[in-house]
**Q** 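Have a look at this one.
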Amino acid sequence: MSLVNFTTREITCKIVYYGPGRSGKTTNLHYIYGRVPETRRGRMVSLATQTDRTLFFDFLPIDLGQISGFTTRFQLYTVPGQVYYNATRRLVLQGSDGVVFVGDSQARQLDENIESLQNLQSNLLEHGVDVRGVPLVMQYNKQDLPRELILTPAELDDALNFRGVPSFAADALHGQGVFETLKSISELVLKKLAAGATA
Amino acid sequence: MTTTLNPRFTFDSYVVGAANRLAVTAGRTVAENPGSAYNPLFIYSGSGLGKTHLLMAIGHSAKALAPQLNVEYLTLDEYVEAFHAAIAAGQGDAFRRRFQNVDVLLVDDVQFLTNRKEMQAELLRLTEALQQAGHQIVLASDRPPVEIADLDERLISRFSGGLVVDMGIPDYETRVAILRRKADERGAKFQPGVLEVVAKIDFPNVRELMGALNRLVAYQAVNDTPINAETARQVLGVEGKGDEGGGRGEALPATAVVAGPDEFSQFLTDVTVTVGKAVEAWRARVAEAVLRWDGEGYRTGRLEKLLDQETPAAVDEAIAAYVHDVERLKALEAEVATLDPQAAGGKVFRDPDRMDDAEAAAAKVREGAAPPPGPSAAFSFDIYVAGPSNDVAVSAARAVIAAPGKKYNPLVLVGRSGLGKTHLLNAVGLELAKKKKAVVACLSTQAFVDELIAAIDGDRVDWWRARYRRATALLLDDIQLLAGKERTQEELFNLFNQFIDGDRQLVFTAPAHPNTLEGLEERIVSRLEGGLVAEIGDPDRVLRRAALERVLDAQRVTADPALLDYLADRPIDSVRSLTGLVHRVVEAAAAQDSPVNAGLAREVLEGQPVGARRTAGLRTSGIVVSSAGGVRSREKMVWDWPAASDRVIEEMR
């Protein structure tokens, strides 16, 4: 895992947006893509099905320029949410520095959220990584939907956030909470630098 | 030779947009304060984006603000041509002076420096001179300095030391503004929307944009009806797809545009703070050092290795050691630059991880730059003929060869001309040069003086001194020629002391005892007398016979004893005249096709009557005497006789 390459003086953070299908992972990336100045971002690569669902993954490289003498780059990935693309998910997770779990706030999607979270754990374990050691933040998306349809962030925390990681209410379509989430995961990832470069 | 500034290319006619604002601001600043703001100013951009316009605008503006300023614009090619012409005409120095007096020098198309080492050196010299004198230099290129292939690293760092700005392709709004202004200049009026159509086309540069405008102007001029947007598209051959045709990136949602950059900037700031905290302070220091020295063109491998470690000890010491090495490299490079400017730009002086190589390279330059003149291989010790008359000198020479610098230092060989002083001097030099690591300087005093004069003329006296200082032995022929050459005596005096202090051998030749020579400073004379002054006397009979045998042998003549006796008994004052005698006899023999023997020699040398010869001057080697005896004036003597054989054949007819 090459989070920090001191030889080439590069910091490359690989952040994976994980979560059940249709929870809004790609929407997060689209929003970020729209905010990043053209010169700072690479081409966003989306491999999608004909019905605009993520088939393979999204990839968005962002160049943050020189920070403390390091060329800093972020690579944002999403995984396909649908259950049957697990092999792809495992592949994308490989070498990730941090994970954003994008949960669907709709009450009827709770099981899906839990299932996806468990899937994240088992996939990380397949790579020999303990989920407790991976920088992780939760994002409860679609908080803009009518009250009666969704769970509150507190309820979702109770149901999903058993590790007590930072969590954010979000409306990815309009951008609310998107950058807060990104900022939070970035901090967690970068703080691991201080603990030791070989994360 | 320089191009005059195009009056149309001013700041007033220059359309400023986001893509060129920085360059124009820098240009204006430079024009207002030449030499003090950004020096040198290096502007680069793709072709046709206004470099030349900007350069000339700087020139105009500087001239308008201070009319007394000497402003010159020229392309690199013109500069090169002028330089070559000046060199060909022997006016190199005048050329340099001329450009060093320019207050604002504008050089266009600098990218052509690729693969022109000598021009790079010249430009480096010029840039340094201009900077030192506070004169402005502005350069334009189609690529940044680091991308100009094969550019001397010193030039790169020199250019980067000022301000390097680039100009991009103008954005849509600027393109419209440029089109409007150019249309006005051409007195062309277009319907609304027409120029916007042109501006939407993605031309790679402004020049092609102008081409499109010209086409429209021409089209409108020959048609009665004014051109409209649709016709403009047809004329320019672009697809008429309405307003979206430009290719200026996809439209973003409205919210995106409003909230856009701030969110990202905020994020960037946060990440910067986090990275700053996360990357330990020492890493930041190392990384900054890497950035800095890398920017100056030095290899930073050693520092980068530090970053690979978990917790390296003594980071600051390591950085300090690195800086120390860089300083040493700079010193070496500066030293090498005085010896051999070509070698100074070498990459080896930019890598602190290869200090040994750099030292070795510098040493090589020091050694190999130009070794001082050595002894002539023609005068070997083996063929030097010894006899009682030069016994002292030869044995002293042997002692010197056996223990240079130890026994007789200096050794001064004294004797009249033609006795073999030069031969012995060179022979000693050759023998000394055989020793390990020996650098023997062996030359005539005249050459020594000439070299010093050339060094003074070329401002390379340090280099000249260095050459001789590293010699292990110094042998000067005809030291009396120092007479009246005060500066050379001064230099020799210093060299002399250094050689004596270092037990390095000095050998000189002189026509007479040093203390009888005129025009030599007392301090030189006393030092010459302080060693061994060995006299070489007139050749004795033993020596003459030996010398004769050797000369005849060299002429492939079997020496019969009678001939040897006869020749050795001739009244001769030097080996050189003896050699002359032999040559005359041998040539005469060849001409008459008879063997060389005593009889023939007598006939030739004692002038048995052969008609015309009486009136002719006799030619010996180097000394011309008149057989008639009356001619004393050198001017009246005939110096250029045809070869003896030719002459004799004529007489036989």
**Q** Locate the shortest heavy-atom distance separating A:Y31 from B:E263; write the atom from each residue and the value.
**A**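 That would be OH-OE1, 2.7 Å.
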**Q** For the NE2 atom on A:H127, are there more than 12 heavy atoms of other groups (residues, nucleotides or ligands in this structure) within a distance under 6.0 Å?
**A**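 Result for NE2/A:H127: enclosed.
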**Q** Please say whether more than 12 non-hydrogen atoms of neighbouring residues, nucleotides or ligands are located less than 6.0 Å from CZ in A:R147.
**A** no
**Q** For a quick test of reading the model, state the closest non-hydrogen atom pair linking B:F267 to A:F179 and the distance between them.
**A** CB-CD2, 3.7 Å
**Q** Any heavy-atom pair between the side chains of A:I32 and B:F264 that's under 4.5 Å?
**A** no
**Q** May I ask you to test the B:L268-A:R40 pair for a side-chain heavy-atom distance under 4.5 Å?
**A**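 They are in contact (side-chain heavy atoms under 4.5 Å apart), so the answer is yes.
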